[in-house]
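Throughout, a chain's letter reflects where its sequence line sits, starting with A, and its residues are numbered from 1. None of these values were measured; they are calculated from a predicted model.
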4 protein chains.
Amino acid sequence: MPETIKNISKKDAILKAALQLFSHRSFDGTTIPEIARVANVGAGTIYRYFISKEDLVNELFVRVLDDFTEHLQVGLHGQMDTRTRFHHLFNNAWNYVMNNVEAFLFINLNDEATYLNDRSRKSFSRMWDYIAEMVEQGADKGELIKLDPKFVASLVYGPLIPISKRFNNDNRQASQALAKALEEATWRAISTD
Amino acid sequence: MPETIKNISKKDAILKAALQLFSHRSFDGTTIPEIARVANVGAGTIYRYFISKEDLVNELFVRVLDDFTEHLQVGLHGQMDTRTRFHHLFNNAWNYVMNNVEAFLFINLNDEATYLNDRSRKSFSRMWDYIAEMVEQGADKGELIKLDPKFVASLVYGPLIPISKRFNNDNRQASQALAKALEEATWRAISTD
Amino acid sequence: MPETIKNISKKDAILKAALQLFSHRSFDGTTIPEIARVANVGAGTIYRYFISKEDLVNELFVRVLDDFTEHLQVGLHGQMDTRTRFHHLFNNAWNYVMNNVEAFLFINLNDEATYLNDRSRKSFSRMWDYIAEMVEQGADKGELIKLDPKFVASLVYGPLIPISKRFNNDNRQASQALAKALEEATWRAISTD
Amino acid sequence: MPETIKNISKKDAILKAALQLFSHRSFDGTTIPEIARVANVGAGTIYRYFISKEDLVNELFVRVLDDFTEHLQVGLHGQMDTRTRFHHLFNNAWNYVMNNVEAFLFINLNDEATYLNDRSRKSFSRMWDYIAEMVEQGADKGELIKLDPKFVASLVYGPLIPISKRFNNDNRQASQALAKALEEATWRAISTD
DNA sequence: GATGAATGAGGATTCATTCAT
DNA sequence: GATGAATGAATCCTCATTCAT
């Protein structure tokens, strides 16, 4: 097998197709044959990699969340001052959302779903806790407002939801300008400046 | 028939049950018999009031959105200064969300759904446009930041999404304190003060 | 109630509507609400006159068959010679079919149906026996061919089936000419001339 | 898989079961699970071969009609004299009806049905036109009566309908005698001898 | 390993029948 | 008597899952 498009493993192709479909028609609105068709595999093949449809959505959820959480942390160190850390965190989130709109839609469509298992819920909490933790440390230093950290995190995370739904990052430059404006607005919202 | 809980018309009972179920299990994850059971009607009865399941979700969506949009406008007048108008708008939104968590979840779970018809989309746009319009007028007076108004609206609307998912308004007093804190944070985010 | 269109009893209106619908969409393809609508009565009203849908189709079948059988006998006497009796019988059948196409279609669509009860089957047999009997008497006199009388009756009755389906008696005169031609052809088929 | 009864393809088994059931209980009176049970397949399997129940009845109708029409033509050539051609045509029809009673019932139960599509109607017309054409050529030579050819065709085709319903070809010899008698009677009806 | 035909449980929807008004 | 809203059993059809190839 050459190292081209072909060597995307079938499992990855399935996960990719599932992400695309789940993010637009929801879990229950997407069928296994549809996923198989988009992934270019037989329907039965999906069951070679996943025990069930629920297993598939959970594995996908964990992958997406862990990937997102990892992205959030890129370039952050404990020694940075609060504003700088926020800058990195916010930009990491923004860039992830812009480059993985479907993944972000998928997260927000499913984060409360009944079919998520413990592992999925834990992955979601980890992401959320990570943001909250950063907020908390800033609050401890008196640089961020003192409220339930998850509440403050909502001020950072929340605006990205409608934005991910309604803004297409056609224009890279505009996107960077918007990113900067949003970062500043968010900082004003949560900082004690 | 006593004039109490009993004489809620069947149609309203169905819509209420549908809202409850759709907001927790999504449209495709909810079955008609389930809705019928929760609404305390026969499954066939649903089809006396709605042509199809899609028709039901659309009528529900329009009702919820129009209700929400109406709530947003309570007490606002053109003569108010921008800060006061924002205060009312924000509090109207907050109170609606706290008192109608399922409705708000339902909106955010379905606003991009493929089964929404034109009428539903229009109702959603109307709500969104209303917020954007208020933002625009504030920007014209130089009191709110000058960005795409829908982008700014995301700063107001967006945080309510994770909050509606993760905070239960058990404590009325706490809720009021949070509302005030969030209002101020949001104002800092979008104002040019 | 004036003696106009109004005093068609509801029962008759129901039977009329049922005949019209059953003859075009079959028993199982016709719904009670449809019959009610065509008959201009409430669906529940049908159950005031008929125990069930099966009861309705059976009562209709008996009425139609008995009416048809009666029509066949108009003007026939035992003293007539075979040719004359045949002439009357044939013309009675022809006229009935032309004036009651739906009734005749209804008969031929249902004569073997599993939902017919004994009374209905008996009414059908009576009609068929009547034709067969006439054939038998002609055969006894040596004027008609000697075969199983029901077989011979098929030569008389059978051609009317495709004719009822495919010829509309728009043209009364043409119809009379066809009637005469068909009568003669049928006579040649079954007579020993 | 042995090359016997087993390797009748599932599609054929479904068509066979459908023919059997449709000819006795009509299209609307037959359920998909019933067909599946008789065909010895799962209900869902039917939808692998047919888009819908209507699609099934139409494909069956076309197959039956085309098969019948083909049978009618066996052994006929243009050079034959009219009587000989009639002999073949009639016997082909008779044999088809006796050996495929259900198919013939099915035709006559459905030829005017609202659920038939254009292709089905065309197949039916083709059969009917074929008989009419033979009649017309005989009429042109002055050997058959001069009437609307479809009307004359009714004299040939029509008697087979009640016969197919009421005579079982238990007795092969009797059947042949009846065939001969019916052929002669029909010939007398339509010829100018 | 990969496939997709086959399955039947389950879903949306219809409709014969009932019954309160 | 007449109605039609209400019902839930039954229908068509879909789809997650299995398994023979």
Side-chain angles (χ1 to χ4, degrees), chain A residues 9-11 13-14 27-37 39-57, chain B residues 1 9-11 13-14 27-37 39-56, chain C residues 9-11 13-14 27-37 39-57, chain D residues 1 9-11 13-14 27-37 39-56:
Chain A
S9 90
K10 288 193 188 278
K11 185 169 184 179
I14 293 163
F27 173 67
D28 289 296
T30 301
T31 70
I32 289 284
E34 228 175 331
I35 296 170
R37 190 178 43 73
N40 247 316
V41 303
T45 304
I46 291 176
Y47 288 86
R48 194 158 282 289
Y49 296 102
F50 305 96
I51 293 166
S52 65
K53 198 184 169 192
E54 288 217 353
D55 182 47
L56 166 56
V57 78
Chain B
M1 192 152 36
S9 91
K10 302 219 177 242
K11 185 168 184 179
I14 293 163
F27 174 67
D28 288 298
T30 301
T31 70
I32 289 284
E34 228 174 328
I35 296 171
R37 192 178 42 73
N40 245 315
V41 301
T45 303
I46 292 176
Y47 290 88
R48 187 160 283 287
Y49 296 102
F50 305 96
I51 291 165
S52 64
K53 198 183 168 192
E54 287 215 354
D55 183 48
L56 167 56
Chain C
S9 89
K10 288 192 187 279
K11 185 169 183 178
I14 292 163
F27 173 67
D28 288 297
T30 301
T31 70
I32 290 283
E34 227 175 331
I35 297 171
R37 191 178 44 73
N40 248 316
V41 301
T45 305
I46 291 176
Y47 289 86
R48 194 158 281 289
Y49 296 103
F50 306 96
I51 293 165
S52 66
K53 198 184 170 193
E54 288 217 353
D55 183 47
L56 166 56
V57 77
Chain D
M1 192 152 37
S9 90
K10 301 219 177 243
K11 185 168 184 178
I14 292 163
F27 173 67
D28 288 298
T30 301
T31 70
I32 289 283
E34 227 175 328
I35 297 171
R37 192 178 41 73
N40 245 316
V41 301
T45 303
I46 292 176
Y47 291 87
R48 188 161 282 287
Y49 295 102
F50 305 96
I51 292 165
S52 65
K53 199 182 167 194
E54 287 216 355
D55 184 48
L56 167 55

Taking for each residue the nucleotide of DNA chain F with the nearest heavy atom, is it A:G44 or D:P33 whose nucleotide lies nearer the 5' end?
-> D:P33

By nearest atom, which of the nucleotides [options] is closest to the [X] side chain?
{"X": "B:K10", "options": "F:dA16, F:dT7, E:dA5", "value": "F:dT7"}
{"X": "C:Y49", "options": "F:dG4, F:dT17, F:dA2", "value": "F:dA2"}
{"X": "B:V41", "options": "E:dT13, F:dA16, F:dT7", "value": "F:dT7"}
{"X": "B:T31", "options": "E:dG11, F:dC12, F:dA2", "value": "E:dG11"}
{"X": "B:K53", "options": "F:dC12, E:dT13, E:dA16", "value": "E:dT13"}
{"X": "D:S52", "options": "F:dT17, F:dC13, E:dA12", "value": "F:dC13"}

Look at all strands and tell whether B:I32 reaches a base, only sugar-phosphate, or nothing, counting heavy atoms closer than 4.0 Å.
-> base

With heavy atoms under 4.0 Å as the rule, sort A:F50 into base, sugar-phosphate or nothing.
->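 No contact.
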
Residue whose nearest DNA chain E nucleotide is more 5′ - D:A43 or B:D28 = D:A43

Assigned partner base of E:dT21, Watson-Crick or wobble definition, under 3.5 Å =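 Its partner is F:dA2.
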
Partner nucleotide of F:dG8 by Watson-Crick or wobble geometry (both distances under 3.5 Å) = E:dC15

Are D:Y47 and F:dT14 close enough that a side-chain N or O sits under 4.0 Å from OP1 or OP2?
->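 Checking D:Y47 against F:dT14: no side-chain N or O falls below 4.0 Å of OP1 or OP2.
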
Please name the pair of heavy atoms, one in C:I46 and one in C:V41, separated by the smallest distance, quoted to 0.1 Å.
->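 The pair with the smallest heavy-atom distance is CG1-CG2, 4.3 Å.
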
Which of B:Y49, B:F50, B:Y47 passes side chain to side chain contact (heavy atoms under 4.5 Å, CB included) with B:D55? It is B:F50

